[in-house]
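These notes concern the structure reproduced below.
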Amino acid sequence: MYIYDQIDQQFVDERVAQFRDQTRRFLAGELGEEEFKALRLRNGLYLQRYAPMLRVAIPYGMLSSRQLRKLAHIARTYDKGYGHFSTRQNIQYNWPKLEQVPDILAELANVQMHAIQTSGNCVRNITTDHFAGVAPDEIVNPMVWCEILRQWSTFHPEFNFLPRKFKIAVNGAEQDRAAIQVHDIGINAVRNEAGEIGFRILVGGGLGRTPIIGVVVREFLPWQHLLSYLDAILRVYNCYGRRDNLYKARIKILVKERTPDKFREEVEAEWQHLKDGPATLIEAEVERVAARFTVPAYETLPAQDASLQAALSADKAFARWHQRNVHAHKMPGYAAVTLSLKKSGVAPGDATAEQMEAVAELADQYSFGELRVSHEQNLILSDVKLADLYSVWSTARYYGLVTPNIGLLTNIIACPGGDFCSLANAKSIPVALAIQERFDDLDYLHDIGELDLNISGCMNSCGHHHVGNIGILGVDKQGAEFYQISIGGSQGNNAAIGKVIGPSFAQEEVPDVIEKLIQLYLAQRDSEHERFADTVRRIGIEPFKQHIYGNAHKESQHRQRELANP
Amino acid sequence: MATLIKNRSIVSESWQTLNSADDLAALSPDAGVLAPLALWQTHGAALRARPGKVGVWLNSHEDPASIAKELPSFDVVAVNFPKFADGRGYSIARLLRERYGYTGELRAIGDVLRDQLQDLERCGFDAFELRSDQDAQAALGAFADFSNQYQTSALQPVPLFRRRLA
Ligand code: SF4
């Protein structure tokens with residue numbers, strides 16, 4: 001946990017005062033609708049279909065138990081008793097009252113939190129690996145770099161009105177767990193031959209309407225130059241990114257239209273002016289930021305724990321959970337634990353105030369009072385002793401947080417969709433619930449093995465459906481809610497964009513279609529080690545299409561039926 | 001009439017912002033004028049020959065490099081914000097100050113609103129022609145919204161991390 005100093009605190013306090021005044025002026029009619037919109041979005045406030053929605057930043061997914069209790073308190077006091085953890089390490093409240101938002105922001109500021117730049121055409125909350133700081137394969141602790149970037153991006157005077165929103169992800173390990181290839185800028189720590197630390201910089205990845213994998217603009221950027229280089233990228237984008245068409249305004253379009261090589265040249269030319277200037281980072285600052293992070297007081301423990309082994313052989317349900325939801329840790333005798341917010345019957349990523357408080361308590365008791373929020377919309381206790389795993393499981397089970405489905409089909413990533421979001425074409429949550437219900441049998445679920453299923457309610461792709469092994473997208477068919485299904489997407493080092501299998505389906509058809517995809521996979525996989533994504537990669541999407549739509553004739557029939565009867 | 005803020009105080013100066021050559025005829029000789037870049041490029045000499053003050057204004061898509069050489073000769077350089085959400089002017093200002101070394105008056109014109117003033121100032125503007133519906137007196141408060149800044153900028157080239165360690 002990064003602990004604010006006085007200056008950091010002053011920024012968030014002043015932000016509260018500023019927004020309080022803006023809200024007052026808006027309510028008094030002194031500030032126009034459109035101008036207030038730009039300002040409130042920069043504080044994460046949307047005016048949604050049914051009520052405002054407030055998006056609160058959880059910078060790089062790190063939370064203390066004290067902060068989580070505050071989030072629970074806000075859910076209970078200003079909302080309907082729950083919150084929704086999003087795919088970008090934020091929490092969203094769906095029912096706050098506009099007049100109370102300044103008070104909510106003041107409550108957040110009391111625990112060093114904020115909603116700054118969680119929306120709007122500016123640099124958004126910077127995301128990272130949810131195992132940051134504890135992963136065994138880490139090159140640097142990405143949280144230190146994320147905090148440096150949080151400060152750089154907070155109220156950046158030049159880049160507050162970009163052509164479009166701007167998302168940055170940082171990964172500090174060899175394995176990419178931050179989806180850096182599908183961000184406006186993806187940053188991966190690397191070491192050069194001399195052993196020095198630097199970053200590989202990708203630009204122009206993104207989901208949305210035009211899904212695309214980012215291109216490398218620099219293989220190795222020495223860490224000292226990180227801020228000036230980002231300034232150069234953002235300046236080129238700010239000056240030349242398209243502002244005439246909302247759908248062409250992301251940096252990925254600029255990179256494409258310019259060509260990656262030309263874009264890279266422009267950035268390099270701009271950077272030559274900024275390089276070695278005052279924005280050049282210095283060792284002392286990196287050390288200062290690192291030192292403001294709390295460091296867990298790890299004990300020296302053996303790598304194995306006898307009581308854990310005993311519990312694993314005695315309790316099958318625990319063993320199953322351990323297999324899916326417990327992850328390797330850099331310290332011997334410790335593990336990271338995912339508390340699943342994907343219980344069937346509950347909207348993915350939703351947590352009640354009571355659950356949040358229970359998790360805060362668990363964090364205090366077993367994980368140095370800290371936890372993480374993952375882009376898969378789960379909570380993670382990052383530093384649990386092996387000997388405590390059984391106790392954690394027993395308590396968390398009581399609160400419905402131990403669904404052993406991490407990495408499996410029912411760990412569905414879904415955006416809030418048409419139940420809450422005014423941009424939606426279709427609902428996401430009922431589709432997620434119906435699929436979870438269909439695959440409720442744990443033996444079957446575990447037999448299917450690793451599979452990411454993602455759902456977005458519209459092309460904005462908040463549910464990251466393009467990179468799901470199975471992706472579901474809500475589409476509008478002459479006013480009716482339909483779902484387009486794609487397969488073959490993936491996250492991580494081999495990120496890929498999924499391909500649409502054919503015409504879309506009505507809501508009630510979706511679980512059957514998923515079931516059919518799974519049937520074909522189970523019949524086709526060469527062994528149980530071949531995951532769904534591997535099978536799709538090996539045999540292509542054609543056999544799946546055939547299995548779903550039958551022959552081409554049937555496909556066209558389906559299309560006609562759809563047109564006749566949407 | 002839009003109010004002009006200069007160096008954080010309200011001033012009463014009257015300037016005429018030209019849009020095209022048609023506006024030249026109606027010009028009174030001593031009025032300060034701001035000419036758009038294209039007009040400046042064709043009528044610069046004539047404009048300079050007048051007794052009144054003269055400046056140029058850039059639109060948000062125009063490259064400040066095109067006036068870099070002449071910068072010291074302007075009384076004012078202005079940058080237009082066609083819409084407040086068009087953020088190109090912030091980069092233009094920084095380039096004028098930090099790259100091309102412009103030290104004279106740099107004025108934001110167009111859709112200039114209270115809640116932008118502090119960022120504009122940080123990027124190098126020192127004069128602001130507010131949109132006519134803005135309460136200029138109240139807008140002056142915006143310069144104090146935030147008492148510090150993390151980044152390097154035209155106003156404060158030394159980023160906070162260097163000042164913190166000093
Ligand atoms: S993907 Fe569309 S429907 Fe879902 S949250 Fe984003 S904007 Fe709303």
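Every chain is numbered from 1, with letters handed out A, B, ... down the list of sequences.
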Residue from B/V158, B/D133, B/D86, B/D63 scoring the most non-hydrogen pairs under 4.5 Å with chain A is B/D86
Do other residues, nucleotides or ligands put more than 12 heavy atoms under 6.0 Å from A/K37 NZ? no
So which residue, B/R131, B/R122, B/Q116, ends up with the most heavy-atom pairs under 4.5 Å with chain A? B/R131
Tell me which donor-acceptor pairs under 3.5 Å the side chains of residues 25-34 of chain A have, and how far apart each pair is, sequence neighbours excluded?
unit_1: A/R25; atom_1: NE; unit_2: A/D21; atom_2: OD2; d: 3.1
unit_1: A/R25; atom_1: NH1; unit_2: B/D115; atom_2: OD2; d: 3.0
unit_1: A/R25; atom_1: NH2; unit_2: B/D115; atom_2: OD1; d: 2.9
unit_1: A/R25; atom_1: NH2; unit_2: B/D115; atom_2: OD2; d: 3.4

At a 4.5 Å cut-off on heavy atoms, which part of A/R150 comes close to chain B: side chain, backbone, both, or neither? side chain
On a heavy-atom basis, which atom in A/T280 and which in B/R162 lie closest, and how many Å separate them? O-NH2, 2.6 Å
Do A/E270 and B/L95 have side-chain heavy atoms sitting under 4.5 Å apart? yes
Heavy-atom contact with chain B under 4.5 Å, split by part of A/Q10: side chain
Strictly below 4.0 Å, N to O, side chains only: are B/R114 and A/E35 in salt-bridge contact? no
Verdict with reasoning, B/R88 to A/Y240, per side-chain contact (heavy atoms from CB on, under 4.5 Å): CA-CA 8 Å; B/R88 288 176 283 191; A/Y240 304 113; over 6 Å; no
Side-chain contact, heavy-atom cut-off 4.5 Å: A/L227 with B/F161? yes
If we ignore hydrogens and angles and just use 3.5 Å, is the side chain of B/D145 paired with the main-chain N or O of A/Q18 as donor and acceptor? no
With the side chain counted from C-beta on, respond yes when B/L160 and A/E285 share a heavy-atom pair under 4.5 Å apart, and no when they do not. no
Using heavy-atom distances under 4.5 Å, tell me whether A/L274 contacts chain B through its side chain, its backbone, both, or neither. side chain
State the OH-CG distance between B/Y90 and A/N238, to the nearest 0.5 angstrom. 9.5 Å
Is it the side chain or the backbone of B/S91 that comes within 4.5 Å of chain A heavy atoms, both, or neither? both
Relative to chain B, which segment of A/S153 carries a heavy atom at a distance below 4.5 Å: side chain, backbone, both, or neither? backbone
Heavy-atom distances under 4.5 Å only: say whether A/N121 touches chain B with side chain, backbone, both or neither. neither
Of all heavy-atom pairs between B/T152 and A/P278, which one has the smallest distance, and what is that distance? OG1-CG, 4.0 Å
Taking the six-membered ring for Trp, are B/F84 and A/F161 parallel (under 30°), tilted (30 to 60°) or perpendicular (over 60°)? perpendicular
Assert top hit (heavy-atom pairs under 4.5 Å, partner chain B, pool A/D5, A/D231, A/L162) equals A/D5
Region of B/S147 in contact with chain A, defined by heavy-atom distances below 4.5 Å: both
Around atom OH of B/Y100, are there more than 12 heavy atoms from other residues, nucleotides or ligands closer than 6.0 Å? yes
Atom of B/G87, atom of A/R243 and distance for their closest heavy-atom approach: N-NH1, 3.1 Å
Could you look at B/D135 and say if it's the side chain, the backbone, both or neither that has a heavy atom under 4.5 Å from chain A? neither
Side-chain contact test, heavy atoms from C-beta onward, threshold under 4.5 Å: evaluate it for A/E158 versus B/Q151 and give yes or no. no
Do other residues, nucleotides or ligands put more than 12 heavy atoms under 6.0 Å from the NZ atom of B/K6? yes
